[in-house]
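The structure presented is a predicted model; accordingly, all values stated were derived computationally and were not measured. Just the heavy atoms: all of them, side chains too, but no hydrogens, waters or symmetry mates, feed the values below. Just so we're on the same page: letters track the sequence lines, and every chain starts at 1.
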There are 2 protein chains.
Amino acid sequence: MTEKEAKEALAACRSKIDGVDRKIVALLNERTGIVEEIGRVKEQMAMPIYEPKREDEVFANAVGSNGGPLPSDAVKRIFERIIDEMRVVQKVKMKKDTGC
Amino acid sequence: MTEKEAKEALAACRSKIDGVDRKIVALLNERTGIVEEIGRVKEQMAMPIYEPKREDEVFANAVGSNGGPLPSDAVKRIFERIIDEMRVVQKVKMKKDTGC
């Protein structure tokens with residue numbers, strides 16, 4: 001492979017990654033919208049935001065659908081971050097809604 | 001909203017989230033496959049894995065495509081985790097390929 005060919009191959013891969021990442025961002029926002037809806041229901045019913053059992057289900061679903069090549073422990077760590085961020089959104093949203 | 005209605009609403013939201021999460025896992029694996037391809041090109045050309053400038057581009061692309069409701073700093077933190085995990089995959093893969 002010449003240096004020119006390598007550069008072209010990297011550029012093509014990066015363009016594909018950018019496209020994949022934009023799809024991931026769109027799905028993260030779709031997920032956030034649903035989490036906000038859950039927050040509204042929980043707020044109305046005075047239910048707790050944090051439910052460890054449900055978080056285990058989320059991990060099981062994500063890891064269970066993992067066909068690789070990404071290792072399952074990596075999938076779990078990425079979803080830990082996603083869940084953490086969504087929990088912040090839910091808390092901020094509920095504070096705004098209740099005005100406190 | 002009755003307790004029954006709340007439970008049904010939560011179950012519906014969670015089913016949607018599980019579907020979104022499976023799509024995210026599929027995209028993460030698609031991304032990993034492309035990252036592995038980049039690893040092969042870099043290995044052949046003896047290029048460094050870590051390129052801070054490219055990582056900045058990845059963040060800029062992800063945050064730039066963010067239409068909310070997820071805050072952009074949350075998007076950035078999730079992509080920091082994704083990039084970290086992909087870097088591990090790339091390193092493990094290169095070690096395997098070179099037998100060291």
Side-chain angles (χ1 to χ4, degrees), chain A residues 1-3 5-7 9-10 12-14 16-38 40-42 44-45 47 54 57-58 61-71 73-75 77-82 84-86 88-89 92-93, chain B residues 1-3 5-7 9-10 12-14 16-38 40-42 44-45 47 54 57-58 61-71 73-75 77-82 84-86 88-89 92-93:
Chain A
M1 190 183 282
T2 65
E3 202 180 315
E5 283 166 343
K7 277 186 183 169
L10 289 181
C13 285
R14 285 166 174 173
K16 277 190 230 169
I17 283 178
D18 287 349
V20 168
D21 286 353
R22 286 191 291 269
K23 286 187 205 166
I24 293 174
V25 172
L27 286 167
L28 288 171
N29 279 302
E30 189 180 335
R31 194 187 200 285
T32 307
I34 308 168
V35 164
E36 285 180 342
E37 175 63 25
I38 288 179
R40 280 189 289 272
V41 173
K42 285 187 171 180
Q44 209 179 324
M45 305 301 287
M47 292 162 79
R54 171 58 190 159
E57 284 172 10
V58 169
N61 174 62
V63 168
S65 77
N66 182 35
L70 191 61
D73 56 346
V75 170
R77 283 190 295 267
I78 292 169
F79 273 84
E80 279 169 352
R81 168 63 44 216
I82 292 172
D84 273 356
E85 296 297 343
M86 303 268 152
V88 173
V89 169
V92 170
K93 176 85 186 153
Chain B
M1 190 183 281
T2 65
E3 202 180 315
E5 283 168 343
K7 277 186 183 170
L10 289 181
C13 286
R14 286 167 173 173
K16 277 190 229 168
I17 284 179
D18 288 348
V20 169
D21 286 353
R22 286 192 291 270
K23 286 187 205 165
I24 292 175
V25 172
L27 286 167
L28 288 172
N29 278 303
E30 189 180 335
R31 193 187 201 285
T32 308
I34 308 168
V35 164
E36 285 180 342
E37 174 64 25
I38 289 179
R40 281 189 288 273
V41 172
K42 284 187 171 180
Q44 209 179 324
M45 304 301 287
M47 291 162 80
R54 171 57 190 158
E57 284 172 11
V58 169
N61 174 62
V63 168
S65 77
N66 183 35
L70 191 61
D73 55 347
V75 170
R77 284 189 294 267
I78 292 169
F79 273 84
E80 279 169 353
R81 167 64 45 217
I82 292 172
D84 273 355
E85 296 298 341
M86 303 267 152
V88 172
V89 169
V92 170
K93 177 86 188 152

Holding to salt bridge (charged side-chain N to carboxylate O under 4.0 Å, His left out), I want the full list of residues that pass it with K23(A), two or more places apart in sequence or in another chain.
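Result, salt bridge (charged side-chain N to carboxylate O under 4.0 Å, His left out) vs K23(A): none returned.
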
Please look at A62(A) and chain B and tell me whether the side chain, the backbone, both or neither of the residue comes under 4.5 angstrom of a heavy atom of that chain.
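Contact with chain B involves both backbone and side-chain atoms of A62(A).
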
With a 4.5 angstrom heavy-atom cut-off, is it the side chain or the backbone of E5(A) that approaches chain B, or both, or neither?
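For E5(A), no heavy atom lies under 4.5 Å from chain B.
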
Leading residue by heavy atom contact count with chain A [cutoff under 4.5 Å; candidates [options]]:
| options | result |
| --- | --- |
| I82(B), V75(B), D84(B) | I82(B) |
| M45(B), E80(B), R14(B) | R14(B) |
| A6(B), G68(B), G33(B), A9(B) | G68(B) |
| L28(B), D73(B), D21(B) | D21(B) |
| M86(B), R22(B), E3(B) | R22(B) |
| C13(B), P69(B), A74(B), A12(B) | P69(B) |

Side chain to side chain donor-acceptor pair (under 3.5 Å) against D18(B), all qualifying residues, sequence neighbours excluded
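Side chain to side chain donor-acceptor pair (under 3.5 Å) check on D18(B) returns R54(A).
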
Distance (rounded to the nearest 0.5 Å) between I24(A) CD1 and N29(A) CG
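Reported value, rounded in 0.5 Å steps: 12.5 Å.
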
Evaluate the side-chain proximity of N61(A) to E57(A): yes if any heavy-atom separation is below 4.5 Å, no if none is.
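Not touching, per the 4.5 Å side-chain cut-off.
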
Taking side chain as C-beta onward, heavy atoms only, is V35(B) less than 4.5 Å from V89(B)?
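Not touching, per the 4.5 Å side-chain cut-off.
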
Let's go through V63(A) and F79(A) carefully: what are the C-alpha distance in whole Å and the side-chain angles of both, what is the deciding distance for side chain to side chain contact (heavy atoms under 4.5 Å, CB included) to 0.1 Å, and is it a yes or a no?
CA-CA 9 Å; V63(A) 168; F79(A) 273 84; over 6 Å; no

